[in-house]
Undergrad: 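One structure, as structure tokens, below. Some questions next.
In what follows, chains are A, B, ... by sequence order, proteins preceding strands, each numbered from 1.
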Amino acid sequence: MRIAYNGMAEEEPAGTMALESIFREYSRSDAEHSDRSAGDRARHRQKVRESIRENIADIIAEESIIGKDRDRVIKVPLRGIKEYRFIYGENSPGAGQGQGDTRPGQVVGKVGKEGQGDGQAGARPGIDYYETDVTLDELIEIMFEDLELPNLERRALREIPSDRSFKRKGYRHVGIRIRLDKRRTARQRVMRMLAARQRQAAENALEVAEEAAEPEADAGGGDVEEQGRFPFHQKDLRYRHVETDTKEESNAVVMCIMDTSGSMDTMKKYLARSFFFMLYQFIATRYRNVEIVFIAHHTEAREVTEEEFFHKGEAGGTFISSGYLKALEIINERYHPSLWNIYTFHCSDGDNFDSDNPAALKAAKALSELCNLFGYGEIKPLGSRYYESSMLNVFRRLEAPNFHSVLIERKEDIWPSFKAFLAKDRIKE
Amino acid sequence: MANYELKSLVEWDSRIREKVAEFGLDCYTQEFELCDHFGMLGYMAYSGMPSHYPHWSYGKSYEKLKTLYDHGVSGLPYEMVINSDPAIAYLMRDNTLLLQILTMAHVYGHNDFFKNNFTYRTTRASLTIELFKAHALRVRHYFEDPSIGIEQVERVLDAAHALSWQCRRNLAIRKLSHSEQLERLVEAAHPRPDPFHRIHAREVVHEPDLRKVPVEPDEDLLLFIRDHNPFLREWEKDLLTIVDEEAKYFLPMMETKIMNEGWASYWHKRILESLNLEQGPHLEFIVRHNQVVRPIPGQINPYYLGFKLWEDIHRRHTKPTAEELKRDGPPAKSGEAKLFEVRETERDSSFLRRFLTEGLMREMDLFKYEARGDDLVVDKVSDEEGWREVKETLIRNIGTSSIPVIKVEDADFGQNRTLYLKHNYEGRDLQLEYAEKTLAYVARLWGREVVLETTLQGKRSLLCYNERGFSTRALK
């Protein structure tokens, strides 16, 4: 809307001044429909996401996210989206205004916190803000956006019917109260009412013409004579019909096997835990139904709770085969491979009794035949690998296409190893 | 909600314009547009322009403004005016009537300043809206061109934005053409006539290198790259032109922030005082006015500083103190005449240099601070010994003085098409992380190695950016 008020012009003294001002009234619809920055905002958000993805390895390496609630908010540094310019550094002095009693030596602020007062948008280059908040959930989503779960298609057979989704399909005259469609019901009533009135009118006309018999009452249509009231009838009721949609759903189970022998210290456990966390989160994003099994072993294996798995240390030696046999046992009992996609991962420091190696190799072979993916992660924090034995050499003899072993030395290795773990199998397909 | 109707705004506007004419302010036609806070946030993100080319940084700026606004960290301005003919101003519709009146009076102050200050002569106000619209059309066209696309355009715009302020500071000084620069070079190389040449040793004449590019160090980085990188495609050159034109449009605003805000505040005060407001609105006016022009401890409020200076200039020419009379003699001009003269011929740095007196500085308690460790510590205050230094520091932190001066020295350094830039060092180091990233942008546009000579922690250094990445080395 554009209104120019010219009427005032005559009262103006003649001068250099323009004779009129133009007023444009606020118009709600204009304001609501022109979200002009929407495109630029979307593009900015896209940039933020890209930046997070680029730095994901650093973020993953931060201890604090492992095992935390999915709603947790994490501060993520953003590198890609700063707007760089040539600016002066921190050694450049500034000027400010005091309250009348400023003395040399007085502290007036902190470096990096206090800005100059002059803040015209875009005019003065300043240090950009550089952090954003994302929830762990978003982070996981971004993290796995460009990874694909291997072997997902190949296991089409391993799907079991799940009837979790419901689909609306048409309307019925009968149904349960909660599915009553009020709108349609009301419409039916109105339709019936109009029909009845029309018929009434036609009959009345006929009556006048012939001056004959009384009008018949409609058997099901209620009292048509009473113009004011036209109640609902059983026939009006409409119910939404819902069909249970039986879908073939894939299910997955993650078997986490961890060495909890005396040689696994806190650091090693932490690294193992990070890896399991990612594996679980990743698989959870791809399957609706994911179960997780924790197996702790030293010389014997037990199925344990998550809490025990990560926090209970045990003493003693190591028989890796015991963990694998336990996993095989659980798979046979509860997770038949024709119904479940099985992902098994084992973390250990590789300090196995030599006598157990042949048995472990045999069990590993059996596992890799049953699983979609079977991985072994050897955790050797830097400096310790030279005097400890390693299972990596032993497993080199295992020739299964879906077996993969990784070496994790530092927390920065976790993300690359994880990617390698998933990528290896994908290449083979 | 607003306590007025549009009609009363129009009535007040005509009363204000009467006063504006009476005081002798000289304005473009004024357009007022009422908007809500979303609209205002939008205009702020795009520097007030009704149309502007798209770029993600404006989305970022919007998000940032909105976050600050939503969390109550910063409020919204009462108005926004853009320098165009007719001048366009946005008024927040939720403001009270008095606030609208105050704002309109303020807007006329800006309007007059845009029309009359010399720095704005280069902005061609009557074409502003069309200029920005044309830029937007061109950029959108490149977005949609299947052979270019948004990614490519952003690649150039990101880099160009980083360099947009690396341009000439005073646009009123004409840039010499290439042939004029050459002439000057040749002239300088000729030995001056020496009446005693018989007894003097013969001066060594250095043959000037006439093929050097640039002849004189060039400050317009974007334009220089546009004109001297033969591998840039036409649309890339056009983007550089667009970014440069826009920067030069906004440059005067940066250069006159203190004067301009002070001027508008000074006039809204005088106009409102002359309107004979009723007591209620008058009290509200005093409260609002004091909110706008109040000192912010630890910072510099351009409204306050500017307002104080304008008031002081007026006072010195109407009611000079005895001391001033003795020192300067009776004022040669009336207060108003002096105000209008200064409004036309100065910009912030010269304005402060000429009119910010020791007395005013002491009254405002201006100080200079420095970083010591993690703390910002007051170094000098406006006493007899320190005020000059405080003033100098202030002037070096306003407008374009807060942007490092970097000039192109050589476009073919080492016969290698390496771009040699030189930072005009005057005591302040560059922020190294930013310098590194910005240099990468220069290299992106230049397409070859780029080096920047500067001083870091007292040592002359060369920052290089080439295909192997960033490196620094000390110079002898």
Undergrad: Does B/Tyr46 have A/Arg36 sitting over its ring (NZ/CZ under 6.0 Å from centre, angle to axis within 45°)?
TA: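 Yes.
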
Undergrad: At a heavy-atom separation under 4.5 Å, does B/Asp383 approach chain A through its side chain, its backbone, both, or neither?
TA: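 It is neither, since no heavy atom gets under 4.5 Å.
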
Undergrad: Donor-acceptor check, side chain of A/Gln97 to backbone of B/Gly298, threshold 3.5 angstrom: yes or no?
TA: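 Flag not set: sc A/Gln97 to bb B/Gly298 has no pair under 3.5 Å.
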
Undergrad: Counting only heavy atoms closer than 4.5 Å, note whether B/Asp375 contacts chain A via side chain, backbone, both or neither.
TA: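 Both parts, backbone and side chain.
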
Undergrad: With a 4.5 angstrom heavy-atom cut-off, is it the side chain or the backbone of B/Met104 that approaches chain A, or both, or neither?
TA: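 Just its side chain gets close to chain A.
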
Undergrad: Using every non-hydrogen atom in the two residues, find where B/Tyr108 and A/Ser21 come nearest and quote the distance to one decimal.
TA: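 Taking every non-hydrogen atom into account, OH-OG, 2.7 Å.
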
Undergrad: Please classify the contact between B/Val405 and chain A as side chain, backbone, both or neither, with a heavy-atom cut-off of under 4.5 Å.
TA: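 Only the backbone of B/Val405 comes within 4.5 Å of chain A.
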
Undergrad: Could you check whether any side-chain N or O of B/Asn397 sits under 3.5 Å from a backbone N or O of A/Pro93, counting only pairs where one atom can act as donor and the other as acceptor?
TA: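 Confirmed, B/Asn397 side chain pairs with A/Pro93 backbone.
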
Undergrad: Pick whichever of B/Lys437, B/Glu433, B/Arg362 has the most heavy-atom pairs under 4.5 Å with chain A.
TA: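 Most heavy-atom pairs under 4.5 Å with chain A: B/Lys437.
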
Undergrad: I need the residue from A/Gly39, A/Ala38, A/Ser92 with the largest number of non-hydrogen atom pairs under 4.5 Å to chain B.
TA: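 Of A/Gly39, A/Ala38, A/Ser92, A/Ser92 has the most heavy-atom pairs under 4.5 Å with chain B.
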
Undergrad: Under 4.5 Å between any side-chain heavy atoms of A/Arg41 and B/Lys60, yes or no?
TA: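 A/Arg41 vs B/Lys60: side chains apart.
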
Undergrad: Shortest non-hydrogen contact from A/Ala95 to B/Leu394?
TA: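 Answer, listing the atom of A/Ala95 first, then B/Leu394: CB-CA, 3.7 Å.
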
Undergrad: Tell me whether A/Arg85 contacts the main-chain N or O of B/His161 through its side chain, where contact means a donor paired with an acceptor under 3.5 Å.
TA: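 Flag set: sc A/Arg85 to bb B/His161 pair under 3.5 Å.
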
Undergrad: Taking side chain as everything from C-beta outward and backbone as N, CA, C, O, which of these in B/Pro77 sits under 4.5 Å from a heavy atom of chain A? Side chain, backbone, both or neither.
TA: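 Nothing of B/Pro77, per the 4.5 Å heavy-atom cut-off to chain A.
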
Undergrad: Who among B/Glu370, B/Lys368, B/His55, B/Lys380 has the most heavy-atom pairs with chain A under 4.5 Å?
TA: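 Highest number of heavy-atom pairs under 4.5 Å: B/His55.
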
Undergrad: Does any heavy atom of chain A fall under 4.5 Å from the side chain of B/His423, the backbone, both, or neither of them?
TA: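 Contact with chain A: side chain only.
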
Undergrad: Decide side-chain hydrogen bond (donor to acceptor under 3.5 Å, both in side chains) for A/Thr102 and B/Tyr369; before the verdict, give the C-alpha distance in whole Å, the side-chain angles of both, and the deciding distance to 0.1 Å.
TA: CA-CA 11 Å; A/Thr102 311; B/Tyr369 62 80; over 6 Å; no

Undergrad: In terms of heavy-atom proximity below 4.5 Å to chain A, should B/Gln457 be classed as side chain, backbone, both, or neither?
TA: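 For B/Gln457, no heavy atom lies under 4.5 Å from chain A.
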
Undergrad: Decide salt bridge (Lys or Arg N to Asp or Glu O under 4.0 Å) for A/Lys47 and B/Glu151; before the verdict, give the C-alpha distance in whole Å, the side-chain angles of both, and the deciding distance to 0.1 Å.
TA: CA-CA 11 Å; A/Lys47 289 248 170 201; B/Glu151 302 278 337; over 6 Å; no

Undergrad: Could you check if a side-chain atom of B/Val381 sits within less than 4.5 angstrom of a side-chain atom of A/Gln106, using non-hydrogen atoms only?
TA: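 The answer is no, as the side chains (C-beta and beyond) never meet within the 4.5 Å cut-off.
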
Undergrad: Would one find more than 12 heavy atoms of other residues, nucleotides or ligands at under 6.0 Å from atom CG of B/Asp374?
TA: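 Open: at most 12 neighbouring heavy atoms sit under 6.0 Å from CG of B/Asp374.
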
Undergrad: Any salt bridge between A/Glu25 and B/Arg93, counting N to O under 4.0 Å?
TA: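 No, A/Glu25 and B/Arg93 are not salt-bridged.
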
Undergrad: Can a donor-acceptor pair be found between the side chains of B/Glu33 and A/Tyr26 at a distance below 3.5 Å?
TA: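 Distance-only check fails for B/Glu33 and A/Tyr26.
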
Undergrad: Please flag which part of B/Gln166 lies under 4.5 Å from any non-hydrogen atom of chain A: side chain, backbone, both or neither.
TA: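 B/Gln166 touches chain A through side-chain heavy atoms alone.
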
Undergrad: What part of B/Tyr62 gets within 4.5 angstrom of chain A, counting heavy atoms only: side chain, backbone, both, or neither?
TA: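 Contact with chain A is through the side chain of B/Tyr62 alone.
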
Undergrad: For B/Thr67, is it the side chain, the backbone, both or neither that has a heavy atom under 4.5 Å from a heavy atom of chain A?
TA: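 For B/Thr67, neither part sits under 4.5 Å from chain A.
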
Undergrad: By a 4.5 Å heavy-atom criterion (distance strictly below it), what part of B/Ile296 contacts chain A: side chain, backbone, both, or neither?
TA: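 For B/Ile296, the backbone is the part near chain A, not the side chain.
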
Undergrad: What do the steps show when you test B/Leu6 against A/Phe23 for side-chain contact (heavy atoms from CB on, under 4.5 Å), and what is the final call?
TA: CA-CA 8 Å; B/Leu6 188 66; A/Phe23 276 86; 4.0 Å; yes

Undergrad: Contact part of B/Leu452 toward chain A, heavy-atom cut-off under 4.5 Å: side chain, backbone, both or neither?
TA: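 Side chain only.
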
Undergrad: Under a 3.5 Å cutoff, is there a donor and acceptor pairing between the side chains of B/Tyr43 and A/Ser37?
TA: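 No, no side-chain donor-acceptor pair sits under 3.5 Å.
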
Undergrad: Sort out for me which of B/Asp365, B/Leu439, B/Ile88 touches chain A most, counting heavy-atom pairs under 4.5 Å.
TA: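 Greatest number of close heavy-atom pairs with chain A: B/Asp365.
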
Undergrad: For B/Tyr434 and A/Tyr84, take the angle between the two ring planes, folded into 0 to 90°, and tell me which bin it lands in: parallel under 30, tilted 30 to 60, perpendicular over 60.
TA: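 Perpendicular.
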
Undergrad: Mind ranking B/Gly42, B/Pro50, B/Ala89 by heavy-atom pairs under 4.5 Å with chain A and telling me who comes out on top?
TA: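 Answer, by heavy-atom pair count under 4.5 Å with chain A: B/Pro50.
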
Undergrad: Is B/Leu251 in contact with chain A via its backbone, its side chain, both, or neither, using a 4.5 Å heavy-atom distance?
TA: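 For B/Leu251, neither part sits under 4.5 Å from chain A.
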
Undergrad: So which part of B/Ile406 gets closer than 4.5 Å to some heavy atom of chain A, the side chain, the backbone, both or neither?
TA: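 The side chain, not the backbone.
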
